[in-house]
Amino acid sequence: MQAELAGLVLIQDRLPGRVSTVLGVDAAYDDDGSRAFAAGALMEVATRTVLQIVSAEVPADFPYIPGLLSFREVPALEVALEKLTQAPDLVICDGQGIAHPRRFGLACHLGVLYDLPTIGCAKTRLTGEAATPAAARGSRAPLVDTGRTIGAVLRTQDGVKPVYVSPGHRVSLETACHWTLALCGQYRIPEPIRVADQIVGRMKRQAR
DNA sequence: GCGACAG
DNA sequence: ATCTTGTCGC
């Protein structure tokens, strides 16, 4: 299924010239692993203001299997995202885009599903090889898999562990890196993802 | 058979 | 993802 859907992914910039809102998404699970908490944080780029928070709690019936993460997370994210009252210009996800064994990570899945520009920004590697980027914020190294560049290992803060950036849908690698960097304030992780992460973290604690 | 493996 | 413990840098 992923190999087939990967054919629908567009790795070229097809996003507004003026990106004014970015949606950060994330999910978490209860101790049991059977309930999923998903959230989306819509941020206005110019002011760094959170315009809307959407969330959902649904049963998690698909297990976590490396390479199949989107089948665990997308059902919960769908319920949360359908509550948005305005479409985002860009979506940034906690997971890979095309830096995936079949070039169809979570960000691609969400991007194709909603036909929105998406970026994959993962904290660790799933596949591919890369050199260690220089220590300065903004430094990057190509992430290569079977002879093809599928993403970049990008340093978002001086001397801090880099993140794994890859196009999800309708964005180039260059644009994915640009926005990832632009959305990182004082931390390693882009602000919209951090906000979504905080939300699902609270939901998880409250359910316990 | 063994190691790797987003969240 | 989540949890726990040890280490590092400011």
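Every chain is numbered from 1, with letters handed out A, B, ... down the list of sequences.
For Glu129(A) and dA4(B), the CD to P distance is 12 Å, given to the nearest whole Å. In this structure, CD1 of Ile193(A) is placed 16 Å from P of dA6(B), rounded to the nearest angstrom. Across the protein-nucleic acid pair, Arg202(A) atom CZ and dT2(C) atom C1' stand 19 Å apart, rounded to whole Å. One interatomic measurement links the two molecules: CE of Met203(A) to P of dT2(C), which rounds to 13 Å at whole-angstrom precision. Rounding to whole angstrom units, CG of residue Leu77(A) and C1' of dG7(B) are separated by 11 Å. Put simply, CG on Asp94(A) is 10 Å from P on dT2(C), counting in whole angstrom units. Distance, Phe71(A) CZ to dA6(B) C1': 14 Å, rounded to whole Å. For the pair Leu110(A) CG and dG7(B) P, the interatomic distance rounds to 15 Å; values are reported in whole Å.
Note on Gly67(A): a base of the nucleic acid sits closer than 4.0 angstrom, heavy atoms only. Using a 4.0 Å heavy-atom distance criterion, Arg72(A) is classed as making no nucleic acid contact.
The side chain of Thr124(A) places an N or O atom within less than 4.0 Å of a non-bridging phosphate oxygen (OP1 or OP2) of dG7(B). In this model, the phosphate group of dG7(B) is not approached by any side-chain N or O of Tyr29(A) to a distance below 4.0 Å at OP1 or OP2. Contact annotation: Arg125(A) side-chain N/O to dA6(B) OP1/OP2 distance is not under 4.0 Å.
One N or O on the side chain of Gln157(A) and one on the backbone of Gly185(A) form a donor-acceptor pair closer than 3.5 Å.
Counting only heavy atoms from C-beta on, Lys123(A) has its side chain closest to dA1(C) among dC3(C), dA1(C), dA6(B).
Here the straight-line distance linking atom OG of Ser70(A) with atom CG of Leu68(A) works out to 7.5 Å at 0.5 Å rounding.
For the residue pair Cys108(A) and Gly97(A), the shortest heavy atom distance occurs at SG-C, 3.3 Å. In terms of heavy-atom proximity, Gly138(A) sits nearest to Leu181(A) at CA-CD2, 3.6 Å.
Considering Asp197(A), Asp31(A), Asp30(A) in turn, Asp31(A) is the only one that fulfils the salt bridge (Lys or Arg N to Asp or Glu O under 4.0 Å) rule with Lys204(A).
Both geometric conditions, a ring-centre gap below 5.5 Å and a plane tilt below 30°, are not fulfilled together for Tyr164(A) over the base of dA6(B).
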